[in-house]
Amino acid sequence: VIGVSTNDTELETAAEFFELFKIPWERAVPGKRYRVVLSTDGPTVNLNTDLLLAYGSEDRIPDAESVAAVEHTSGPVDVTWGDWTFPIYGRVRLFGTGASVLACGGRPVDVRRCAGSRVTHRVGYDLFHEIRHLLTEGQPPSRAAVPTLELHIGLLRHLLLESRVPFAEIPPRPDGYDFTCCLTHDVDFFGIRRHKFDRTLAGFVARASVGTLADLVRGRRPLGDALRNWVALLSLPRVFLGVGPDLWQPFDDYARVEEPRRSTFFLAPFKGRPGVAPDGTVNPSRAVRYAASDIAKEASAASSAGTEIALHGIDAWRDEQAGRDEIGQIKGLNGRKRTGVRMHWLYFAADSPQKLEAAGFDYDSTWGYNETVGYRAGTSQVFRLTGSEGLMELPLSIMDTALLFAGRMRLTEDRALALCKAIVTNARQLGGTLVINWHDRSLAPERLWGRCYRDLLKEIGDGNRVWFATAGEAVDWFRWRRSIRFTIEPDSDRVRVDAPPGPAVVPPASIRVHRPEGGAEIRFDGREPVTV
Ligand SMILES: [Zn+2]
């Protein structure tokens with residue numbers, strides 16, 4: 001067990017950190033003997049330990065460093081650890097000399113000292129400040145590509161392994177899989193037929209005609225795609241007369257591409273309601289042209305085939321009663337007891353977690369970026385939203401419009417896939433989830449982002465063991481992982497691992513045992529306690 005010496009205000013963050021880096025820990029008891037103590041605050045004199053991992057940017061341990069040699073710098077600043085570079089958002093302490101794992105501008109950010117039998121490893125930043133910042137403010141788009149929180153976990157794991165401390169860990173992925181992937185679709189349109197003579201139709205006509213020609217000339221679209229768009233354009237009169245099939249039929253379009261994988265659709269509750277923006281304004285173009293109840297038949301059919309139906313929230317992020325009303329429109333369409341949510345246009349505020357939890361949502365999946373892809377919270381694991389008792393966030397990793405839309409990054413397919421590939425590579429190494437949002441009309445004319453989507457699915461599956469889960473299933477798995485408990489047997493290196501059995505559909509977890517003489521991995525489904 002690792003002792004954690006921290007102050008009361010950081011304890012909540014520490015507890016969440018050790019749900020993500022799931023290892024046995026307890027708040028350090030003064031005088032009690034530990035192999036390792038992680039200290040981020042408070043006195044270190046009464047700590048009885050062989051290895052002291054002392055994080056912090058302030059002067060704290062006089063024996064670790066001559067204070068004269070120390071400088072400080074304020075974040076955000078990049079530090080390097082092996083091949084990784086990650087940002088520190090708060091203060092960083094730069095040491096004068098020392099064998100260093102972490103560096104910032106060529107200066108060591110950590111230092112290791114031996115005094116008698118005790119090893120002290122000083123790391124010059126405030127770990128739980130950083131974690132709290134990631135889980136509340138999140139990362140700016142400029143740092144989106146870095147799984148920063150996972151690297152804090154990785155560094156701590158590295159320091160434990162380097163010190164040859166044995167410990168048990170529950171990795172953030174089911175046993176036998178590399179990571180979890182959730183295919184999700186925000187439904188903003190549901191049929192072009194609903195858009196007679198409006199902005200959406202005007203945009204469609206412009207992009208399917210002249211825009212497509214321009215793309216063809218610039219080499220951004222192959223001829224086959226251009227022809228498809230022109231055929232679609234010519235079919236519009238028949239579509240609007242009701243004699244031709246609608247161009248946008250998301251449930252069918254996605255079922256064809258994704259079979260046998262199942263996905264999650266986020267449906268808007270009300271037609272014609274734009275809601276209120278975080279700056280208090282109302283933008284009429286945010287309103288959608290369908291209500292969930294208009295497509296109840298299609299949604300129920302998809303739900304019977306295993307699709308999860310969740311809410312594409314309008315005002316739930318800012319108003320608890322609105323959240324209840326919006327849930328009410330989705331209830332009955334999905335097979336789940338409770339409803340998950342992702343906000344339209346990714347609206348969110350600091351007090352949204354309390355409001356969403358009070359309204360009764362099962363989980364949120366809004367934490368992503370409109371303008372880029374990556375890790376808003378620095379992790380792709382499901383985490384508890386700060387400010388809520390237990391509302392889980394399934395962070396969004398990759399969104400089609402961020403990559404491909406003219407007003408966003410507008411990447412070529414090759415460049416978009418290259419960015420996604422880096423995220424897939426990280427998922428293989430780090431576990432967690434890969435949550436993709438490909439919008440309801442994106443496979444159809446005039447976007448025709450289906451090839452890119454298929455290539456992305458191929459990239460995800462290629463050589464990886466992937467658990468394709470609906471959003472709610474992924475959240476349930478991580479919630480079950482959180483319920484796993486460690487009990488330390490007194491005066492021994494043995495730990496008992498125990499949990500209520502997982503729901504039947506959920507794959508088991510595994511216990512990774514790190515030992516200096518070599519590790520082991522044990523399947524764990526919660527039916528029987530396991531002692532390691
Ligand atoms: Zn939307």
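Residues: numbered from 1 along the sequence shown. These numbers were taken from a predicted model, which means no experiment stands behind them. Order of listing sets the numbers, starting from 1, for every ligand and every atom in it.
Among heteroatoms of the N, O or S kind in Asp188, OD1 lies nearest the Zn ion (ligand 1). Counting just the N/O/S atoms of His344, the one with the shortest distance to the Zn ion (ligand 1) is named ND1.
The distance between the ring centers of Phe478 and Phe383 does not fall below 6.0 angstrom. The ring of Phe190 has its center closer than 6.0 angstrom to the ring center of Phe251.
Here His312 meets the criterion, with an N, O or S atom under 2.8 Å of the Zn ion (ligand 1).
Side-chain N/O atoms of Arg342 and Thr366 include no donor and acceptor closer than 3.5 Å.
Salt bridge annotation for Arg465-Asp178: present, with a cationic side-chain nitrogen under 4.0 angstrom from a carboxylate oxygen.
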